[in-house]
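Any value given below was found using the heavy atoms of this structure, including those in side chains, with hydrogens, waters and symmetry copies removed.
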Amino acid sequence: MPRIAYVNGRYVPHAQASVHVEDRGYQFADGVYEVCAVKNGRLLDEGPHLDRLDRSLRELRIDPPMARPALRVVLREVMRRNLLRDGLLYFQVTRGVAPRDHAFPAHAASSLVVTARPVDLVKAQARAEEGVRAVTHPDIRWKRCDIKAVALLPNVLAKQAAKEAGGYEAWLVDETGHVTEGSSTNAWIVDTDGNLVTRALDSAILGGITRRMLMQVAQEAGVHIIERPFTVEEAKAAREAFITSATSFVTPVTQIDDAVIGNGRPGSVAMRLRELYIMASEALAQA
Ligand code: PMP
């Protein structure tokens, strides 16, 4: 696959794609991003991702780099130039390039970078069918996790700790012992009564697009959803556990730390919801 990135108005070979050293994204993590899945050459859940990008930009008072129709053209052009069938589109907007000073610059055009990456869907499906291990980690992030900011250092450290402990994802735990979310996923359990449980939206978690779409799918399938925090102990004793994100869709968690979830195999609710989510988002996807 050719690798072409979009950087501030130009399509450039990925290896040469770079931003200025005084880009505020680089110096202050003063920027936001989105990750969208591409399946069969179609962008999944594009509208909700662009809505969330707009919200993140508004919350941080960063100017949109271009109007939405133009951005949709750029995203498609990056997909086209990369011959992307199945993969991920990453797009990032920062407050732009300016002399380093914490306060907002008076005149800086926001920066836009778009990259594409293929994903092996067969491998991802195999991972889902196998189930993954989550490793708990203290949630030391800031108080605006609802903004999809590029400042991900606590997430990076948690994910690395999980990896070093043999896990696939870190489950972040707040000071009261409740799971907030994963390092790059939302966290769910199926409780002993068969209800789907996930934390309600607030500033402690990112409003996942997959979370939102999955709720619709689950409701239509007659699965009862309860939005409330759950503890690590409750999760370890749950019937099922899983994670959601644009990258992982719905992926069962079969172990949390050293506790085996259910019978140690991916749960039937999670696997059914994974199938339903993929079908629904593909059906909604626009070319
Ligand atoms: N929480 C965090 C912290 C994330 O980084 C992500 C992935 N962007 C998610 C949840 C899942 O969000 P989405 O379903 O929109 O990918």
Side-chain angles (χ1 to χ4, degrees), residues 6 25 29-79 84 87-96 109-117 141-152 155 180-182 184-188 198-220 225 227 243-250 273 276-287:
Y6 172 92
D30 188 359
V32 302
Y33 74 105
E34 283 294 328
V35 180
C36 279
V38 175
K39 195 157 184 283
N40 288 322
R42 287 166 168 233
L43 259 173
L44 303 189
D45 306 328
E46 181 187 13
H49 280 282
L50 292 177
D51 288 345
R52 185 172 65 188
L53 178 69
D54 284 345
R55 177 182 183 275
S56 297
L57 291 170
R58 255 196 328 271
E59 290 294 321
L60 298 179
R61 294 160 57 199
I62 296 174
D63 292 332
M66 58 181 66
R68 182 179 298 207
L71 179 55
R72 296 186 64 207
V73 169
V74 171
L75 296 179
R76 277 162 186 72
E77 188 59 19
V78 171
M79 284 164 58
L84 191 68
L88 298 171
L89 267 192
Y90 176 89
F91 40 116
Q92 170 176 319
V93 179
T94 73
R95 207 182 300 277
S110 46
S111 298
L112 171 64
V113 166
V114 185
T115 56
R117 190 170 90 191
R141 298 175 302 164
W142 73 329
K143 296 193 171 93
R144 289 304 308 273
C145 296
D146 55 312
I147 300 174
K148 199 163 169 57
V150 296
L152 291 174
N155 309 55
T180 51
E181 59 183 335
S184 62
T185 56
N186 286 112
W188 306 68
T198 196
R199 196 181 178 103
L201 294 183
D202 60 17
S203 54
I205 65 168
L206 182 75
I209 303 303
T210 319
R211 175 189 182 281
R212 187 162 114 197
M213 306 310 277
L214 191 73
M215 280 195 166
Q216 283 175 21
V217 163
Q219 249 150 21
E220 282 160 23
I225 304 164
E227 288 182 84
I243 52 176
T244 57
S245 70
T247 314
S248 65
F249 300 148
V250 175
L273 290 176
L276 291 174
Y277 165 75
I278 293 173
M279 265 165 42
S281 56
E282 272 195 288
L284 287 172
Q286 294 166 11

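- Taking both residues in full, the closest heavy atoms of Pro48 and Arg212 are given as CB-NH2, 3.7 Å, listed atom of the first, atom of the second, then distance.
- With Glu181 as the partner, the side-chain contact (heavy atoms from CB on, under 4.5 Å) test is satisfied by one option alone out of Ile243, Thr198, Ile205: Ile205.
- The shortest side-chain heavy-atom distance between Thr94 and Ile62 does not fall under the 4.5 Å cut-off.
- Looking at Ser248 and Thr185, their side chains come closer than 4.5 Å, going by heavy atoms from C-beta outward.
- The main-chain N or O of Leu206 is found under 3.5 Å from a side-chain atom of Asn186 such that the two form a donor-acceptor pair.
- Here the closest non-hydrogen pair linking Pro65 and Leu57 is CD-CD1, 4.4 Å.
- In summary, Lys148 and Glu34 do not engage in a salt bridge, as defined by a charged side-chain N under 4.0 Å from a carboxylate O.
- The distance from the CE atom of Met66 to the OG atom of Ser110 is 9.0 Å, given to the nearest 0.5 Å.
- Counting heavy atoms from C-beta outward, Asp146 and Arg55 have side chains that approach closer than 4.5 Å.
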> Checking side chain to side chain contact (heavy atoms under 4.5 Å, CB included) for the pair Ser184/Thr247: CA distance, chi angles, key distance, verdict?
Replying inline: CA-CA 9 Å; Ser184 62; Thr247 314; over 6 Å; no
>> Using side chain to side chain contact (heavy atoms under 4.5 Å, CB included), reason through Leu276 and Glu220 one step at a time and then give a plain yes or no.
In response: CA-CA 10 Å; Leu276 291 174; Glu220 282 160 23; over 6 Å; no
>> I'd like to know whether Val250 forms a side chain to side chain contact (heavy atoms under 4.5 Å, CB included) with Trp188, so could you lay out the CA-CA distance, the side-chain angles of the two residues, the decisive distance to 0.1 Å, and finally the verdict.
In response: CA-CA 10 Å; Val250 175; Trp188 306 68; over 6 Å; no
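- Proximity of a side-chain donor or acceptor of Ser56 to a complementary backbone N or O of Ile147 within less than 3.5 Å is not detected.
- Using modelled atom types, no side-chain atom of Asn40 and backbone atom of Arg42 make a donor-acceptor pair closer than 3.5 Å.
- Note that CG of Leu84 is 11.0 Å distant from CG of Leu75, once rounded to the nearest 0.5 Å.
- Taking CG of Leu71 as the start and CG of Leu53 as the end, the distance is 7.0 Å to the nearest 0.5 Å.
- If you take OH on Tyr277 and CG on Leu44, they are separated by 5.5 Å, rounding to the nearest 0.5 Å.
- Nearest heavy atoms, Gly207 versus Leu201: CA-CD2, 3.6 Å.
- Listed by first and then second residue, the side-chain hydrogen bond (donor to acceptor under 3.5 Å, both in side chains) pairs that reach into residues 59-69 are Asp51-Arg68, Asp54-Arg68, Glu59-Arg144, sequence neighbours excluded.
- Residues Val78 and Phe91 form no side-chain contact, since every pair of their non-hydrogen atoms from C-beta on lies 4.5 Å or further apart.
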> Do Glu46 and Leu50 pass the side chain to side chain contact (heavy atoms under 4.5 Å, CB included) test, and can you show the C-alpha distance, the side-chain angles, and the key distance before you say yes or no?
Replying inline: CA-CA 6 Å; Glu46 181 187 13; Leu50 292 177; 3.8 Å; yes
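- Among Arg117, Met79, His49, the single residue meeting the side-chain contact (heavy atoms from CB on, under 4.5 Å) criterion with Leu89 is Met79.
- The aromatic rings of Tyr90 and Tyr33 sit parallel to each other, their planes meeting at less than 30°, with 60° as the upper class boundary.
- The two residues Leu112 and Tyr6 come nearest to each other via the heavy atoms CD2-CE2, 3.6 Å.
- Smallest separation of non-hydrogen atoms from Ala37 and Ala246: CB-O, 3.4 Å.
- At distances below 3.5 Å, at least one donor-acceptor pair connects side-chain atoms of Arg76 with backbone N or O atoms of Arg72.
- Judged by distance alone, the side chain of Arg95 and the main-chain N or O of Asp30 form no donor-acceptor pair under 3.5 Å.
- The two residues Ile278 and Ser281 make their nearest non-hydrogen contact at O-OG, 3.3 Å.
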